[in-house]
2 protein chains.
Amino acid sequence: MNPVDPLSPLVLVVDDEPQMRRFLRASLGAHGYRILEAGTAAEAVMLAMSHNQAILLLDLGLPDADGIAVTRGLREWTQTPIVVISARGREDDKVAALDAGADDYLTKPFGVKELLARMRVALRHATPGTPQHELTFGARFIDLTRRVVTRDGVEIHLTPIEYKLLTLLARHAGKVLTHRQILKEVWGPGAVEQTHYVRVHMAELRKKLERDSARPEWLLTEPAVDYRMREP
Amino acid sequence: MNPVDPLSPLVLVVDDEPQMRRFLRASLGAHGYRILEAGTAAEAVMLAMSHNQAILLLDLGLPDADGIAVTRGLREWTQTPIVVISARGREDDKVAALDAGADDYLTKPFGVKELLARMRVALRHATPGTPQHELTFGARFIDLTRRVVTRDGVEIHLTPIEYKLLTLLARHAGKVLTHRQILKEVWGPGAVEQTHYVRVHMAELRKKLERDSARPEWLLTEPAVDYRMREP
DNA sequence: CGCGTTCTTGACGTTTTCTTGACGTGGCGG
DNA sequence: CCGCCACGTCAAGAAAACGTCAAGAACGCG
């Protein structure tokens, strides 16, 4: 799995020890996960709210709050799987964490392979039907897990290139992308000169997604540079 | 919770040691669970098919079959949570069991409180009130326990590969699956390049399941990506 | 061993998608 | 005002992907 593939699950790692974070970043990154890191409970909650991560790895020994309370707090508003990683191995700790809403509990030290296996379990539990990765633009939805795009509730068929192009722009919404960047990502590094490709396929995308393709609301042109998608 | 309340969760305990079963019967019974017991894999599968238990506690060291294989077999047709309880504590054993479809893995000896907590986690993961032993789409039914497919009430004979292909698509209804994913799941990781297989067998499936195989209503093609089953 | 079923493989026609070139439009500076 | 440049549009043909059929290999079973 490509590390920057938008379909690879986003993991929010919460641990105050930089060493542990480095370790997890390396291990998970090598297995195709995208990582988000937090060192405090406050940071963790903030990131959890602003990002649509697929799973959360939570250390209980945080400097600014009790991990059990953090878990309970998260469960008030999100169902993202939470795997607790803790140095505390007492049975009561496990029971408390699991009853607070955690989905699994691993005691340090643990094996990476077991962690990955338990993460896979947690990820496949994610209730089917609820997309973990969804992007919204106006009345348009991009369901990244199902690879389905809808507009006003109606499904829109996109060819592979159109879909790639759209997700690329959507992931970098608000940012201006140059021809070279787009061509490299969608067509591969060999086609960096074919600026024509982008124009043709962008036109096709606009026809399908914009109300009036002559006056685009979302897929905007940045003259002399290239394209940009409006932020939601 | 009243111990004899018919609404209390039914637990299928699979372990060949009578002592262990007695222990679990007592512990779980005291917490209001109803118990069903099996000492062999064959017994376990039979009971699992005839009863609608809420959760399954499975010992890996059974006399007549490998616990991993039992797990995999059960996962062909049921989504009942499976908590593995094993004396084997090696990381590879855990990974194998979890990847085979188990939802949790406890190493003997374990604390009852932890077991109960993990059972609560597994139970709250279970999709509320829907024991998925049957899939429906249109006038077609897939009975996963009996491995029988019907259309308009008439039974349809499917070859093993067709059945695998159909259940794969049906379980991921709505999601677009790439030919790589399909080939890996149905034919195994070695056949990832043989995109032809899918086309031929998909055609066969459509002939049997669709009214007009030229204009499929359920088994849809996603050009240049692969296939997708319409959601019910 | 012979039978029927299922799977693999190849060939070929059809459909969809991509590329490519021609041409139109509009802003901007000379 | 004109021409340049970058972008937008359209359509034709090439390329890739898909659907179908059928022959032969592999498999399981009596």
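Here the structure is a predicted model, which is why all the values come from computation and not from measurement. Chain letters run A, B, ... following the sequence lines, proteins first, then strands; residues in each count from 1.
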Expressed as a whole number of angstroms, how long is the span from [X]:[atom1] to [N]:[atom2]?
X: B:Glu193; N: C:dT8; atom1: CD; atom2: C1'; answer: 17 Å
X: B:Glu204; N: C:dT9; atom1: CD; atom2: C1'; answer: 15 Å
X: B:Tyr197; N: C:dT8; atom1: OH; atom2: C1'; answer: 6 Å
X: A:Met202; N: C:dC18; atom1: CE; atom2: P; answer: 14 Å
X: B:Tyr163; N: C:dC7; atom1: OH; atom2: P; answer: 14 Å
X: A:Ile161; N: C:dT19; atom1: CD1; atom2: P; answer: 4 Å
X: B:Leu158; N: C:dC7; atom1: CG; atom2: P; answer: 10 Å
X: A:Gln194; N: C:dG21; atom1: CD; atom2: C1'; answer: 12 Å

Quick test of your reading: applying ring pair (Phe, Tyr, Trp, His ring centres under 6.0 Å), list the pairs with at least one residue in residues 207-229 of chain B, sequence neighbours left out, ordered by first then second residue.
B:Phe137-B:Trp218
Would you say [X] and [Y] make side-chain contact, with heavy atoms under 4.5 Å?
X: B:Asp99; Y: A:Arg120; value: yes
X: A:Val198; Y: A:His179; value: yes
X: A:Phe110; Y: A:Ile85; value: yes
X: B:Glu17; Y: B:Arg21; value: no

What's A:His157 touching, base or sugar-phosphate or nothing? Going by heavy atoms closer than 4.0 Å.
sugar-phosphate
Identify the 5'-most and 3'-most nucleotides of DNA chain D with at least one atom closer than 4.0 Å to a non-hydrogen atom of chain A.
D:dC7 to D:dC10
Quick one: is [X] getting a side-chain N or O under 4.0 Å of the [N] phosphate, OP1 or OP2?
X: A:His201; N: C:dT19; value: yes
X: B:Trp187; N: C:dC7; value: no
X: B:Thr159; N: C:dC7; value: yes

Both A:Val200 and A:Glu222 contact DNA chain D. Which one's nearest nucleotide lies toward the 5' end?
A:Glu222
For B:Arg199 and for B:Pro223, find the nucleotide of DNA chain C with the closest heavy atom, then tell me which residue's nucleotide is more 5'.
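First, find each residue's nearest nucleotide; the 5'-ward one identifies B:Arg199.
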Given the ring of A:Tyr163, does A:Arg147 sit roughly above its face, with NZ or CZ under 6.0 Å from the centre of the six-membered ring and within 45° of the axis?
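Verdict for A:Tyr163: a cation-pi partner in A:Arg147.
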When rounded to the nearest 0.5 Å, the distance separating CZ of B:Arg118 from CG of B:Leu57 is 13.0 Å
